[in-house]
**Q** 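Below you'll find the structure I mean.
Numbered from 1 within each chain, the chains take letters A, B, ... in sequence-line order. What you are looking at is a predicted structure, and each value in this text was computed from that prediction instead of being measured.
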Amino acid sequence: MAKIELENVWKRFGRVEAVVDLTLDIPDGSFIALLGPSGCGKTTTMNMLSGLLQPTSGEIRFNGEVVNDLHPGKRNVGFVFQNYAIFTHMSAFDNIAFGLRVVRKQPAETVEREVERVAELLDISHLLEQRAADLSVNDMQKVAIGRSMITNPGIFLLDEPFSNLDAAFRAYMRAEMKKLQRELRQTMIYVTHDQVEAMAMADHIAIMDLGKLQQYGTPDEVYNSPANRFVAHFVGSTTMNFLPAELGATDGSLELRLPIPEARPIVLEDGSAKLLDEKGERGHTLGIRPEHLELLDPANERADARGTVLLVEPLGARNIVHLRAGEIDFRVVVPPTIRPRVGDALGIELERKYVHVFDDMTGKALR
Amino acid sequence: MSTVEETGLTAPGPAVEPPAPRQSPLDAAERKLGRLLVAPGQLLLVLLVAFPIVMEIYISLTAWTPTGGSNWYVAYRDWIWFDNFIEGLTSESFLSAVVRTVLITIVAVGIQFVIGFLLALLFVEKFPGRRIATILFLLPMMIIPAVSGFIWFLLLQTDGPINKMLSFVAPGDIRWQWLSDPSFAPVAVTIVDIWQWTPLMFLILLSGVMAVPEDQLNAANILGASYWQKLRHVILPIMTPIIIIALIIRAMEAFKIFDAAWLLTQGGPGEASSTISVHLYRQAFINSQWSYVAALAIVVMIGVSIAAAQAIKPIERRQAAEA
């Protein structure tokens, strides 16, 4: 059990800044996802937590104790690697037993009991006598998880552990890991570039890009109130619509004008006008998720803009409709019962409370 | 059958298991063409390998010598069956050369392995100047053995630099008779072999250490394994096949040790540093007993082949387990 704090942590490799001024508080027993595209610094962060790398500056604390220079083996962390890193020359049993038998020199009965307990938990009891190199990748990753689990680490670090597994097994392991974490109450940090995985598993998500922390919040927060355009773009299974908008104010309300002929201005009445005073006349972008757009009859007066259907992607549980209005393309997620034909003219309504506004200069979300 | 190198000491190595025959999609005409294309190569192989061996076996069963006045192909006139073999296997000077060679091989290869392995473990870490140091360490291997033998001949003189340097660090004036004292001479031969061939051991083992997957070492690190535990449970098991191969290569080479022994001492004083190769060379080119040498060469070849085949068994067992 451990609480983790990162304070102003930097990691440079020569002139490359892999992690930039990262500050993160991870409460004891929480399940955190580090989410970001490849090269964003998430694996470097993991390696610093495990002790394989030392931060260039800043402090990493476990339970208030600075661990910057503590040997990886003394940190009481479990680490599951993307490519398993199991000992290929040993049996599955010897792999799982390594931490107890070789390192901690526990008596044989203890080792056997513990290995069997862990193997049962992971449903690999029948594979223990097999050579690790002969196992399927799915079972290899289970062995790797077992090998890390057996020493009861206070912190469990998983570096894209399921990215090489097939989709069905990945979904299964996702649920299993979450159950396991609930049972063991360990602090678990999970690196992934898959936002679905992060959303499904984590209590909190830390989103990184270019070595910088972009947002740290609950799945709900990062989804519904993205801090900036990067987060808004990265999170969500169908990418958010981004539209150039011109800002204006009328009577304390914010008015967004879209460059679409005959489009209605989007008026936000919840005191958003003050944003305009601060930000002056800079360029802005309106963001809205495809699921927060509604398709209407083109004659319906609630329609904010009108467009024609370009393409329909039927995904079974939902359809994605691509529309063009003026020069602007929209993606709209609709229930499977709504299936317009290509070329149909339709009205689009934006749900006001889900409209995001981003500053083009900084990318920051104004609301 | 002219020089010591061709007397069969270059054992053809342990036989590699041929792969299981596969169904060839080629038709008869293509197969015929294929045979024609490999024929020149096979002919060359027959001339270079099969012919000398057959000739060697033939001569070994006779009392033929080049100074006897008759050509080798009429050697059957002096047919003596296995007398050469019996003579060799009961000859004290041959048997003591075998024992001496085995001892030199064990000591030299053992020390080469320990030094080479420690260096390899050291060189797997990145440190400034590593590339240059690697090249420096490999230099002895690149020197022609005859030249290095002569260099060491000079270094090991009683008034030579080695004794002088030892005198600096040890009390008194050291004047060890490296080359003329019967108990020092084999040591001198062993030292030269170690000096010259540790780099090869280092090179092979370095490639083995570098092939140990880094993430497995990281995993062991995070589990809290000490360096010794990583060495014992991760690095060594992964490296076992390459260690065995390095030992076999070096042992087979060391068994044939000739240059150093010949240049330093000619096998002397007396026969104190005579190795198998030196013994055979003396018999062939000083005593002109070619048929006797041929017989001993066959004995040595058989012995080395059996030893190598035994040594490689652990690797074969491992491969069988992996298949």
**Q** Counting only heavy atoms not in A:Glu59, do more than 12 sit closer than 6.0 Å to its CD atom?
**A** yes
**Q** For A:Phe79, is it the side chain, the backbone, both, or neither that has a heavy atom closer than 4.5 Å to a heavy atom of chain B?
**A**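 For A:Phe79, the contact with chain B is made by backbone and side chain together.
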**Q** Going by salt bridge (Lys or Arg N to Asp or Glu O under 4.0 Å), name the residues that satisfy it together with A:Glu160, two or more places apart in sequence or in a different chain.
**A**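 Salt bridge (Lys or Arg N to Asp or Glu O under 4.0 Å) list for A:Glu160, sorted by chain: A:Lys42.
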**Q** Hey, which residues of residues 215-240 of chain B are touching chain A, say heavy atoms under 4.5 Å apart?
**A** B:Asp215, B:Gln216, B:Asn218, B:Ala219, B:Ala220, B:Asn221, B:Ile222, B:Leu223, B:Gly224, B:Ala225, B:Gln229, B:His233, B:Val234, B:Pro237, B:Ile238
**Q** Counting neighbours of CG on B:Leu139 that are heavy atoms of other residues, nucleotides or ligands and sit closer than 6.0 Å, is the number greater than 12?
**A**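 Yes, CG of B:Leu139 has more than 12 neighbouring heavy atoms, counting only those of other groups under 6.0 Å.
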**Q** Taking CZ in B:Arg35 as the centre, count heavy atoms belonging to other residues, nucleotides or ligands within less than 6.0 Å. Is the count above 12?
**A**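 No, the 6.0 Å shell around CZ holds no more than 12 heavy atoms from other groups.
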**Q** Taking non-hydrogen atoms and a cut-off under 4.5 angstrom, which of residues 101-140 of chain A neighbour chain B?
**A**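 So far as heavy atoms go, A:Val102, A:Val103, A:Lys105, A:Arg131 are the residues that approach chain B to under 4.5 Å.
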**Q** Measure A:Phe98 against the heavy atoms of chain B and call it side chain, backbone, both or neither at under 4.5 Å.
**A**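 For A:Phe98, side-chain heavy atoms alone lie under 4.5 Å from chain B.
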**Q** Using a cut-off of under 4.5 Å on heavy-atom pairs, state which of A:Leu52, A:Asn47, A:Val77 scores highest against chain B.
**A** A:Leu52
**Q** What pairs with B:Arg131 under salt bridge (Lys or Arg N to Asp or Glu O under 4.0 Å), at least two apart in sequence or on another chain?
**A** none
**Q** Kindly check if the number of other-residue, nucleotide or ligand heavy atoms within 6.0 Å of CG (B:Leu37) is above 12?
**A**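 Counting other residues, nucleotides and ligands, CG of B:Leu37 exceeds 12 neighbours.
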**Q** Answer with side chain, backbone, both or neither: which region of A:Ile150 has an atom nearer than 4.5 Å to a non-hydrogen atom of chain B?
**A** neither
